[in-house]
Amino acid sequence: MVAHFIRNRIREDVAAGKNGGQVITRFPPEPNGYLHIGHAKSIGINFGMAEEFGGSTNLRFDDTNPGKEEALFYDRIMEDVRWLGFDWQELHHASDYFDQLFDFACELINTNKAYVDSLDAEQMRVYRGTLTEPGRESPDRNRSAAENMDLFQRMKNGEFADGEYTLRARIDMAAPNINMRDPILYRIRKIDHHRTGSDWCIYPTYDFAHGISDAIEGITHSLCTLEFEDHRPLYDWLLDHISIQQHPQQIEFARGNIDFTVLSKRRLKRLVEEGFVDGWDDPRMPTLAGLRRRGYPPLAIRKFWDSVGVSKSESIIPMIVLENAVRDELNENAPRSMAVLNPLKIILSNFDASETRWLEVPLHPQHEDMGTRRIALTRELYIEQDDFMLDPPGKYFRLKPGGEVRLRNAFIIRCDEVVENAAGGVDHLVCSFDPDTMSGLPGAKRKVKGTIHWVSASHGKRATLRLYDRLFKVANPIADKAVDFTEHLNPASLQVIDNAIIEPDLATQPAGHQLQFERTGYFAVDPDSTPEHPVLNRTVSLRDSWAKIAGQ
RNA sequence: UGGGACGUCGCCAAGUGGUUAAGGCACGGGGUUUUGAUCCCCGCAUUCGUAGGUUCGAAUCCUACCGUCCCAGCCA
């Protein structure tokens, strides 16, 4: 367990008996897009901390801005949180608190801590000052409480147009922290809300709604990302100036970035809407839906974030770290199979053409308890084109003319003849096998340098394999502000292999089924797959030290 | 030029005055292996953004400087 400052802090609070030793957190997504792997970090921290200290976590939709939010996202978000393996104690919506929020706003008006302002957006910007100059007070700042209350009520009643008035906190227009320069608490939006319908035409801002919603739910630790650090004084000010007892502690941590991708809902939305990808669940997307379809195990995502740790320094984590977490998980749990991506036919000259030998082979080399599968061994087989070379370099362990190699789970073969096609390329190979070296026989102890995978030409099933590569060509697609990030998209992020040959049993596996094609990579059955036309997505390749050697 | 935060090995990240400066990933070397996978060993910061200072003793305290990120939405 990696130590981190939030855990330390909560541990201290619990030890000190704060909140009666309770730990209650929340995960507060805005329903305006799909969750991505960056959210998984926040989910892991919020749910993880509560779980660790025997507390609970609420899921709360931060739906204070109708017009930017859409109903369909609620379900997708819940699905994704559950997929990660977390379950919330209570399900809430900021919109559930609109009545209470309104009452608290009235309370602030009555204590002269808030006022109705008629400045328009442009004027307000000018009055706010700049980073280096203080702001100026609005002419409306000293309205009487009664007047403010009347105006606020009329805002609520729909007597004014959008933007005509706002409710602002009365704090300090000269505050060095711009968030404290009389921030807006309510704005007029004559637009229906997907949950409250036409009940409201004024809606609270994030700053006003968030902390109070936390307090209403009895949240003890409100864990969020760094950009809200500047908002904490406001979070605290609000809770200090209304009559509510609970005062959650906001603690901020750094978002986790991953190279060769983008993690912002805004940008992901663009990729979807502008057709750069096939939707939110395109397996190239870093969305949880995309990663799920790609075949990433949820536990791998959780372990990945755990291993990366939690701190306050902005970081970019290499994609390979994530991929290794996925490999670790899949290596343990994925059953093995064989597939040939680029088939090269071989004929075993001394194997009876009418014979089909059924082999009982393990589903996992290290876990016998996973059981076995049956594969057909026949006279004609397919092997990988890459596993044969006419004139290979020195350290090449695979098949070459006159050379020997072991067929995985079967016997050793020798390449006796290379048959060329009309174009002068290799059409097929004629090989002979050594019957004494069949797996299980004493002679199988004979060693050869290489072992290659294969599939029976007559029993193998043709399939489509989708091979995915990184979505972007550059490590940080948003580094250069002058270049739109879509310019850096990798045109080869998807490679479709239409004539791969797989073990036929796989055709009937359900969507989501994860497996390893030995020597090739981890794959998952795509929802598009049918028994007639199997489609599998490559989750991640295997580590390939040969590629490293060959590349040198 | 205001405010907030961050700078420890290539990438993450522990560490909060006395430790040989954790761990993971990457990398290098060796072993096992019917996946060039997995697995197993070994190696990998006399140094903590820089410069001063305090102290018997500092990555940890002080000062200054440098660098990076966030904030001027009626977004969250």
| note | Rounded to the nearest 0.5 angstrom, the CG-CZ distance for Leu35(A) and Phe27(A) is 4.5 Å

Find the distance [X]:[atom1] to [N]:[atom2] and express it as a whole number of Å.
X         : N       : atom1 : atom2 : value
Glu133(A) : rG2(B)  : CD    : P     : 12 Å
Trp454(A) : rU35(B) : CH2   : C1'   : 14 Å
His4(A)   : rU16(B) : NE2   : P     : 17 Å
Lys449(A) : rU35(B) : NZ    : P     : 13 Å
Asp544(A) : rU38(B) : CG    : P     : 10 Å
Tyr235(A) : rG4(B)  : OH    : C1'   : 18 Å
Lys447(A) : rG36(B) : NZ    : P     : 13 Å
Phe253(A) : rA13(B) : CZ    : P     : 13 Å

So, [X] versus [Y], ring centres under 6.0 angstrom or not?
X         : Y         : value
Phe472(A) : Phe260(A) : no
Tyr396(A) : Phe388(A) : no
Tyr203(A) : Tyr186(A) : no

| query | Less than 4.0 Å between a side-chain N and a carboxylate O, is that true for Glu404(A) and Arg446(A)? | reply | yes

| Within 6.0 angstrom of Asp391(A) CG, more than 12 heavy atoms from elsewhere | no

| message | Other residues, nucleotides and ligands only: do more than 12 of their heavy atoms fall within 6.0 Å of NZ on Lys190(A)? | response | yes

Could you please name the partner base of [N], counting Watson-Crick and G-U wobble pairs only when both distances are under 3.5 Å?
N       : result
rA22(B) : none
rA64(B) : rU50(B)
rG43(B) : rC27(B)
rA58(B) : none
rG2(B)  : rC71(B)

| Distance between the P atoms of rG67(B) and rC40(B), in whole angstroms? | 45 Å

| Interatomic distance at C1', rG23(B) relative to rC62(B), whole Å | 32 Å

| query | Does the ring of Tyr127(A) carry Arg136(A) above it, NZ/CZ under 6.0 angstrom from centre and within 45° of its axis? | reply | yes

Which part of the nucleic acid does [X] contact within heavy-atom distance under 4.0 Å: base, sugar-phosphate only, or nothing?
X         : result
Gln516(A) : base
Arg232(A) : nothing
Tyr396(A) : base
Ala175(A) : nothing
Asn8(A)   : sugar-phosphate
Val448(A) : nothing
Ala254(A) : nothing
Arg398(A) : base

| query | Would you say the side-chain atoms of His93(A) pair up with the backbone N or O of Arg60(A), donor to acceptor, closer than 3.5 Å? | reply | no

| query | Does Ser311(A) make a side-chain N or O approach to OP1 or OP2 of rA13(B) shorter than 4.0 Å? | reply | yes

| Which is it for Glu159(A) and Gln153(A) under the side chain to side chain contact (heavy atoms under 4.5 Å, CB included) test, yes or no, and what are the steps along the way? | CA-CA 9 Å; Glu159(A) 293 182 30; Gln153(A) 196 64 52; over 6 Å; no

| query | Of all residues at least two apart in sequence or in a different chain, which pass the side chain to side chain contact (heavy atoms under 4.5 Å, CB included) check with Val116(A)? | reply | Arg143(A), Asn148(A), Leu151(A), Phe152(A), Met155(A), Tyr165(A), Leu167(A)

| query | When you check every protein heavy atom under 4.0 Å of nucleotides 64-76 of chain B, what one-letter string (B, S, -) results, 5' to 3'? | reply | ------BBBSBSB

| What's the closest nucleotide to the Ser315(A) side chain, out of rA14(B), rU38(B), rA13(B)? | rA13(B)

| said: If you only use heavy atoms from C-beta on, which nucleotide in rG36(B), rG7(B), rA14(B) is closest to the side chain of Lys395(A)? | reply: rG36(B)

| message | I'd like to know whether Glu384(A) forms a side chain to side chain donor-acceptor pair (under 3.5 Å) with His453(A), so could you lay out the CA-CA distance, the side-chain angles of the two residues, the decisive distance to 0.1 Å, and finally the verdict. | response | CA-CA 7 Å; Glu384(A) 206 70 67; His453(A) 58 275; 2.8 Å; yes

| remark: The residue, Lys41(A) or Leu407(A), whose nearest nucleotide of RNA chain B is more 5′ is Lys41(A)

| query | Considering heavy-atom distances to RNA chain B, does Gln366(A) or Asn409(A) have its closest nucleotide positioned more toward the 5' end? | reply | Asn409(A)

| request: Name the orientation of the base relative to the sugar in rG73(B): syn if the glycosidic angle is within 90° of 0, else anti. | output: syn

Sub-3.5 Å pairs of nitrogen or oxygen atoms, protein against nucleotides 17-25 of chain B:
unit_1: rC25(B); atom_1: O3'; unit_2: Asn324(A); atom_2: ND2; d: 2.9

